Amino acid sequence: MAPVASRLRSEAALGSLPRRALTQYLLLLRLYPVLTKAASSGALLALGNVLAQMIEKKRKKEDSQNLDISGPLRYAVYGFFITGPLSHYFYLLMDHWIPPGAPWAGIRRLLLDRLVFAPAFLLLFFLVMNLLEGKDAETLATKMRSGFWPALRMNWRVWTPLQFVNINYVPLQFRVLFANLAALVWYVYLASLG
């Protein structure tokens with residue numbers, strides 16, 4: 001009987017792992033909100049890049065064991081230092097500037113996010129990734145001319161409904177996590193398209 005009881009206890013412990021992880025995340029979120037959001041942003045963006053690389057290599061029938069480690073590192077740095085903290089403060093300011101009970105709050109918040117934050121955030125993404133890749137200003141200008149407007153239009157198309165839900169229905173402390181999880185799925189989807 002002891003092996004069965006031991007196995008049941010270990011299965012019960014595995015079942016409680018997600019609950020313990022959530023409890024720990026909520027505690028860290030309460031104690032260190034910016035650091036927790038920065039760490040989760042960095043981890044999820046890096047994971048998204050790893051998964052995208054793996055899907056791309058599988059699609060091309062390449063050896064997926066040889067991943068470009070610089071990609072996930074760049075995304076981890078960007079997520080930790082830019083996405084997490086910047087999104088945290090943006091959502092706080094949005095709630096301050098346009099409280100949930102204000103007239104047309106949902107539409108006004110969405111317009112602020114889509115017309116101000118999204119273009120600025122995308123511009124920052126191009127700039128920081130260019131720097132992290134060690135590219136020069138001319139390369140950045142070329143990328144901006146060829147990629148900014150198509151990327152922004154796609155951002156508006158895909159992210160507008162997600163952000164409407166996020167900024168109007170997701171509790172403030174979980175908005176960065178919601179956006180990062182959506183970004184993770186988005187990276188995987190884009191990679192699967194090839």
Side-chain angles (χ1 to χ4, degrees), residues 17-18 20-57 64-97 109 112-114 116-137 139-140 143-144 147-148 151-152 154-155 158-159 162-163 165-167 170-192:
L17 183 62
R20 287 194 320 253
L22 178 61
T23 301
Q24 186 64 30
Y25 178 79
L26 292 173
L27 175 65
L28 291 171
L29 196 57
R30 193 176 73 243
L31 295 174
Y32 311 103
V34 178
L35 183 59
T36 302
K37 291 173 187 178
S40 62
S41 292
L44 287 170
L45 276 116
L47 177 61
N49 185 267
V50 167
L51 292 173
Q53 283 188 55
M54 290 172 65
I55 290 169
E56 179 69 17
K57 287 184 181 292
S64 62
Q65 298 299 321
N66 298 325
L67 295 176
D68 173 20
I69 194 69
S70 65
L73 287 175
R74 282 192 303 272
Y75 278 84
V77 166
Y78 184 77
F80 186 84
F81 290 104
I82 307 291
T83 302
L86 188 62
S87 298
H88 168 82
Y89 289 112
F90 173 72
Y91 291 132
L92 280 176
L93 287 172
M94 178 188 289
D95 271 21
H96 178 73
W97 291 333
R109 289 166 151 213
L112 176 64
D113 178 75
R114 302 289 68 217
V116 177
F117 189 70
F121 196 73
L122 186 59
L123 176 66
L124 187 60
F125 176 80
F126 274 91
L127 176 65
V128 171
M129 284 300 173
N130 194 68
L131 289 171
L132 292 175
E133 291 170 358
K135 305 286 173 76
D136 61 9
T139 304
L140 174 63
K143 280 185 185 177
M144 291 297 294
F148 182 80
L152 184 59
M154 183 59 77
N155 179 296
V158 171
W159 284 92
L162 291 171
Q163 281 300 87
V165 170
N166 192 18
I167 60 182
V170 174
L172 179 61
Q173 72 269 25
F174 297 120
R175 288 183 193 159
V176 175
L177 182 61
F178 178 90
N180 288 330
L181 289 171
L184 177 67
V185 172
W186 178 242
Y187 292 147
V188 172
Y189 170 73
L190 287 178
S192 71

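None of these values were measured; they are calculated from a predicted model. Residues take their numbers from the sequence shown, with the count starting at 1.
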Should L44 and L177 be marked as a side-chain contact (heavy atoms from CB on, under 4.5 Å) after you check the CA-CA gap, both sets of side-chain angles, and the distance that decides it? CA-CA 9 Å; L44 287 170; L177 182 61; 3.9 Å; yes
For atom OH of Y25, decide whether the heavy atoms of other residues, nucleotides or ligands shown that lie under 6.0 angstrom number more than 12. yes
Contact check, side chains of V176 and N180, non-hydrogen atoms, under 4.5 Å: yes
Using the rule given for side-chain contact (heavy atoms from CB on, under 4.5 Å), can you reason through V77 versus I82, listing the C-alpha separation, both sets of side-chain angles and the distance that settles it, and then say yes or no? CA-CA 8 Å; V77 166; I82 307 291; over 6 Å; no
Using a 4.5 Å cut-off on heavy atoms from C-beta on, say whether the side chain of W186 contacts that of W159. yes
Can you find a pair of side-chain heavy atoms, one from R175 and one from D95, that are under 4.5 Å apart? yes
I would like to know whether L140 and D136 meet side-chain contact (heavy atoms from CB on, under 4.5 Å); could you show each step before the answer? CA-CA 7 Å; L140 174 63; D136 61 9; over 6 Å; no
Nearest 0.5 Å, what's the CG-CD distance between L27 and Q24? 5.5 Å
Can you name the one residue among F148, Y78, F117 that meets ring pair (Phe, Tyr, Trp, His ring centres under 6.0 Å) with F125? Y78
For the residue pair N130 and K143, what are the closest heavy atoms and their distance? OD1-NZ, 4.2 Å
Side chains of N166 and Q163: do they bring a donor and an acceptor to under 3.5 Å? yes
Is there side-chain contact between K37 and T83, with at least one heavy-atom pair below 4.5 Å? no
OH/Y91 to CD/Q173 distance, rounded to the nearest 0.5 angstrom? 13.5 Å
Working note: T36 + R30, criterion side-chain contact (heavy atoms from CB on, under 4.5 Å); need CA distance, chi angles, decisive distance, verdict. CA-CA 9 Å; T36 302; R30 193 176 73 243; over 6 Å; no
Quick one: OG on S41 to NE2 on H88, what's the gap to the nearest 0.5 Å? 11.0 Å
Step through it carefully: locate the ring centre of F178, locate the ring centre of F174, and say whether they are under 6.0 Å apart. no
How about P72 and Q53: do any of their side-chain heavy atoms sit closer than 4.5 Å? yes
Are the side chains of Y75 and M129 in touch, meaning some heavy atoms are under 4.5 Å apart? yes
Donor-acceptor side-chain pairing of N49 and R74 below 3.5 angstrom: no
Heavy-atom check, side chain of L127 versus side chain of M144, under 4.5 Å: no
Please tell me if the side chains of L86 and F81 come closer than 4.5 Å, counting only heavy atoms from C-beta onward. no
What closest approach, in Å, do K57 and N66 show between heavy atoms, and which atom pair accounts for it? CE-O, 2.9 Å
Report the distance from atom OG of S87 to atom CG of L92, rounding to the nearest 0.5 Å. 11.0 Å
To the nearest 0.5 angstrom, please state how far the CG atom of L184 sits from the CG atom of L181. 6.5 Å
